[in-house]
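This report concerns only the one structure given below.
Just so it is clear: chains get the letters A, B, ... in the order the sequence lines come, proteins before strands, and each one is counted from 1. The basis for the numbers below is simple: all heavy atoms, side chains too, and nothing from hydrogens, waters or symmetry mates.
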There are 2 protein chains.
Amino acid sequence: MSNCKTHKTCINEALKKAETICNEKGVKLTKLRQTVLKLIWKSHNYVKAYDLLDELKKIDDSAKPPTIYRSLDFLIENGFIHKIQSLNAYVGCSHPQEHKECYFLICDSCQNIEECCSEQINKVVISTTGKNHFELNQVTLEISGTCQDCTN
Amino acid sequence: MSNCKTHKTCINEALKKAETICNEKGVKLTKLRQTVLKLIWKSHNYVKAYDLLDELKKIDDSAKPPTIYRSLDFLIENGFIHKIQSLNAYVGCSHPQEHKECYFLICDSCQNIEECCSEQINKVVISTTGKNHFELNQVTLEISGTCQDCTN
DNA sequence: AAATTGATGTTATATTATAACATAATTGAT
DNA sequence: ATCAATTATGTTATAATATAACATCAATTT
């Protein structure tokens, strides 16, 4: 479960940030992309692409897989959402632009995803890859388990 | 690229370890499962399920998707291979039974995968999840980039 | 206004994976 | 040794995830 008080605030902030960043970058948050972002932000839980598609179809009957996947690509590229590789699922990014490496706490029980940053983890990853003379490109760190609310 | 001298040794050791562990556990490394394990161990690179299937078909014409996926499931369950979530691909485990949490250095250039353990990473992950009161189940840590051989 | 670029619509299909049921092989109990 | 139960494999079908390719439309630039 998420610890946000009024989730509307989360959604609004996510949309506002996306708009601001798009303006800065000179890319366009079209109506479609905004709609998809909103749908993803319906909760802090992860969502599957075809579930999103079903939701989108309710709004726009003509939506098809490429409709959703293109928007997902755009939103990922610009850092507004993340793909959870171990689940083939998507989740809103709670702090776009701020972070490089993040990790995800995925609750098996309630599907909530907590996005975290840890300088400590970054450092350790960098140092251990360095030891292997490995030139780092992308880090995927996904931790599944049970969140605090679901443990009790 | 892998730094093994004679890859045959890697394969033989992997097969021997698998056999030993299966005996200990009382599960069966059937001919099919052994064949699949061998195919996966053809290199230190990751392999895709349907590529494995194509290889298997050369040996056993009747092989079909469930043939390969069942063997993959068995091999994963018993720790002989790993699934690389960010690639939907599979790779032999270089030290079955020894480790809990591992991470993978995935070379974008040569598809080699180096499987690593780091007590330091484990500790940091455990401590940072602990701070979030998150009961850890499974850690997926996949690092893509360029390996030493491909950097030069 | 024409040309270019970017976004979306649309059809088709590729890729990854599993469900469900049938048959065969192995093991365990009697 | 035989039957029953379990485990493994064979087989068909289909589900779930994702992209290619081309057409059209909209926005931007010249």
* **Qualifying residue for side-chain contact (heavy atoms from CB on, under 4.5 Å) with B/F134, from A/C116, A/C147, A/S144** =>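 Testing each of A/C116, A/C147, A/S144 against B/F134, the sole residue satisfying side-chain contact (heavy atoms from CB on, under 4.5 Å) is A/C147.
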Interatomic distance, [X] [atom1] vs [N] [atom2] [rounded to whole Å]:
{"X": "B/I68", "N": "D/dT9", "atom1": "CD1", "atom2": "C1'", "value": "13 Å"}
{"X": "B/D54", "N": "C/dA14", "atom1": "CG", "atom2": "C1'", "value": "13 Å"}
{"X": "B/L75", "N": "C/dA17", "atom1": "CG", "atom2": "C1'", "value": "16 Å"}
{"X": "B/I76", "N": "C/dT16", "atom1": "CD1", "atom2": "C1'", "value": "13 Å"}

* With the 4.5 Å side-chain cut-off for hydrophobic clustering, are A/Y46 and A/L53 part of the same group? ->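 They do not share one cluster, since no chain of ILVMFWY contacts under 4.5 Å joins A/Y46 to A/L53.
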* **Overall bend - the helix from C/dA1-D/dT30 to C/dT30-D/dA1, comparing terminal axes fitted on five pairs, nearest 10 degrees** =>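 The angle separating the two end axes equals 30°.
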* Asked: Which class fits the ring pair A/H7 and A/H44: parallel under 30°, tilted 30 to 60°, perpendicular over 60°?
  ->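 Geometry flag for A/H44 against A/H7: perpendicular rings.
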* To do: Using the six-membered ring wherever Trp is involved, compare the ring planes of B/Y69 and B/Y90 and label them parallel, tilted or perpendicular (cut-offs 30° and 60°).
  =>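 Perpendicular, since the angle between the ring planes exceeds 60°.
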Tabulate protein N/O versus nucleotide N/O from nucleotides 15-17 of chain D, keeping only pairs under 3.5 Å, one per line.
unit_1	atom_1	unit_2	atom_2	d
D/dT17	OP1	A/K48	NZ	2.7

* To do: Using the side-chain contact (heavy atoms from CB on, under 4.5 Å) rule, take A/Y103 and A/T140 through it: C-alpha gap first, then chi angles, then the decisive distance, then the call.
  => CA-CA 7 Å; A/Y103 63 102; A/T140 300; over 6 Å; no
Just the atom pairs and distances: protein N or O near nucleotides 7-11 of chain C's N or O, under 3.5 Å.
unit_1	atom_1	unit_2	atom_2	d
C/dA7	OP1	A/R33	NH1	3.2
C/dT8	OP1	A/T30	OG1	2.6
C/dG9	N7	A/R70	NH1	2.8
C/dG9	O6	A/R70	NH2	2.3
C/dT10	O4	A/R70	NH2	3.3

* Kindly indicate, with the supporting measurements, whether the criterion side-chain contact (heavy atoms from CB on, under 4.5 Å) is fulfilled by B/H95 and B/C102. => CA-CA 10 Å; B/H95 43 279; B/C102 283; 3.7 Å; yes
* Is A/E19 salt-bridged to A/K16, going by a charged N under 4.0 Å from an acidic O? ->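 Between A/K16 and A/E19 there is no salt bridge, as every charged N stays at least 4.0 Å from the carboxylate O atoms.
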* In Å, rounded to the nearest 0.5 Å, how long is the span from OH of B/Y50 to NZ of B/K57? ->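 Spacing of OH (B/Y50) from NZ (B/K57) equals 8.5 Å.
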* Asked: Going from CD1 on B/I121 to CG on A/L141, what distance comes out if it is rounded to the nearest 0.5 angstrom?
  ->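 Result: 8.5 Å between the selected atoms.
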* **Within-4.5 Å side-chain heavy-atom neighbours: B/L105 and B/I113** =>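 The answer is no; the side chains never approach within 4.5 Å.
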